[in-house]
Amino acid sequence: MGIFDSVFGKKEKTKKEKKELPWIQLESLDQLETIAENSKSKTQVIYKHSSTCGISRMVLNMFSESYDPDLDLDLYFLTIQHHRDVSNTIEDRFGVRHESPQLLVIKNGEVVFHTSHGAISDTDLTNYL
């Protein structure tokens with residue numbers, strides 16, 4: 001115990017438990033057809049992340065904190081710098097202009113909801129189950 005700790009009292013730091021989300025890494029074009037097919041029976045969600053953007057990192061943290069792990073959906077994670085071809089094909093296949101960060105909800109082979117940036121953390125995914 002240092003002198004400052006004895007004089008001022010040591011404050012205990014509480015570490016937030018980090019949630020582990022059930023991410024499925026989105027890495028191939030073939031997975032997009034699987035997502036479209038699976039969306040006929042179960043909601044599919046794609047989270048597009050930029051690994052070089054501070055805003056994207058902040059939004060990802062907010063989304064992770066608010067995510068309900070009991071939701072019955074498939075949650076895909078795409079790092080756009082690693083798989084630009086997949087990101088471009090999402091835009092073409094689902095007709096949603098690329099942004100990052102971006103969240104897409106897919107049901108019956110179609111995007112039924114999409115949003116980007118700070119609005120991602122406000123998304124209530126239970127509306128799309």
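- Evaluation of the ring-ring contact (aromatic ring centres under 6.0 Å, His included) rule for Phe63 yields Tyr47, Tyr67 as partners, not counting sequence neighbours.
- In this structure, Leu26 and Leu32 have side chains that are in contact, with non-hydrogen atoms separated by less than 4.5 Å.
- The shortest side-chain heavy-atom distance between Gln81 and Thr52 falls under the 4.5 Å cut-off.
- Hydrophobic cluster membership differs between Ile90 and Leu103, with clusters built from Ile, Leu, Val, Met, Phe, Trp and Tyr side chains linked at under 4.5 angstrom.
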Sequence neighbours excluded and cut-off under 3.5 Å, please list the side-chain donor-acceptor pairs for residues 68-80, or say none.
| unit_1 | atom_1 | unit_2 | atom_2 | d |
| --- | --- | --- | --- | --- |
| Asp68 | OD1 | Asp70 | N | 2.9 |
| Asp74 | OD1 | Lys42 | NZ | 3.2 |
| Asp74 | OD2 | Gln44 | NE2 | 2.9 |

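- Ion pairing of Glu110 with Lys107 is absent here, as no side-chain N (NZ or NE/NH1/NH2) approaches a carboxylate O to less than 4.0 Å.
- Legend: side chain to side chain donor-acceptor pair (under 3.5 Å) pairs involving residues 111-122, not counting sequence neighbours, sorted by first then second residue: Glu99-Ser116.
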If you apply the rule side chain to side chain contact (heavy atoms under 4.5 Å, CB included), what do you find for Ile106 with Val112, and how did you get there?
CA-CA 6 Å; Ile106 302 157; Val112 295; over 6 Å; no

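- Annotation for Gln102 and Arg97: closest pair NE2-O, 2.9 Å, computed over non-hydrogen atoms.
- Note that CD of Glu33 is 10.0 Å distant from OG1 of Thr89, once rounded to the nearest 0.5 Å.
- The number of heavy-atom neighbours closer than 6.0 Å to CG of Leu21, taken from other residues, nucleotides and ligands shown, is above 12.
- Put simply, the side chain of Glu65 never gets that close to the backbone of Leu60: no donor and acceptor are under 3.5 Å apart.
- Contacts of Thr34 classified as side chain to side chain donor-acceptor pair (under 3.5 Å), with partners at least two apart in sequence or in another chain: none.
- With respect to Leu125, the side-chain contact (heavy atoms from CB on, under 4.5 Å) criterion is satisfied by exactly one of Leu129, Asn127, Thr123: Thr123.
- Placement of Tyr128 and Leu104 in two distinct hydrophobic clusters is found when ILVMFWY residues are connected by side-chain heavy-atom separations under 4.5 Å, directly or transitively.
- At a threshold of 4.5 Å between non-hydrogen side-chain atoms, the residues Lys48 and Ile46 count as touching.
- The nearest pair of heavy atoms linking Ser56 to Pro101 is OG-CB, 3.6 Å.
- Side-chain contact check for Ser100 and His49: no donor-acceptor pair (N or O, by modelled atom type) lies under 3.5 Å.
- Considering all non-hydrogen atoms of both residues, Val86 and Leu29 come closest at CA-CD2, 3.8 Å.
- Follow the hydrophobic side-chain contacts under 4.5 Å out from Trp23 and you reach Val59 in the same cluster.
- No side-chain donor-acceptor contact under 3.5 Å links Ser87 to the backbone of Arg84.
- Among residues two or more places apart in sequence or in another chain, the ring-ring contact (aromatic ring centres under 6.0 Å, His included) test is passed with His83 by none.
- Residues satisfying the side chain to side chain donor-acceptor pair (under 3.5 Å) criterion with His82, sequence neighbours excluded, are absent altogether.
- Neither Ile35 nor Val45 shares a network with the other; the hydrophobic side chains, linked directly or stepwise wherever heavy atoms of I, L, V, M, F, W or Y lie under 4.5 Å apart, form separate groups for each.
- Inspection of the Asp30 and Ser28 side chains reveals no N or O donor paired with an N or O acceptor under 3.5 Å.
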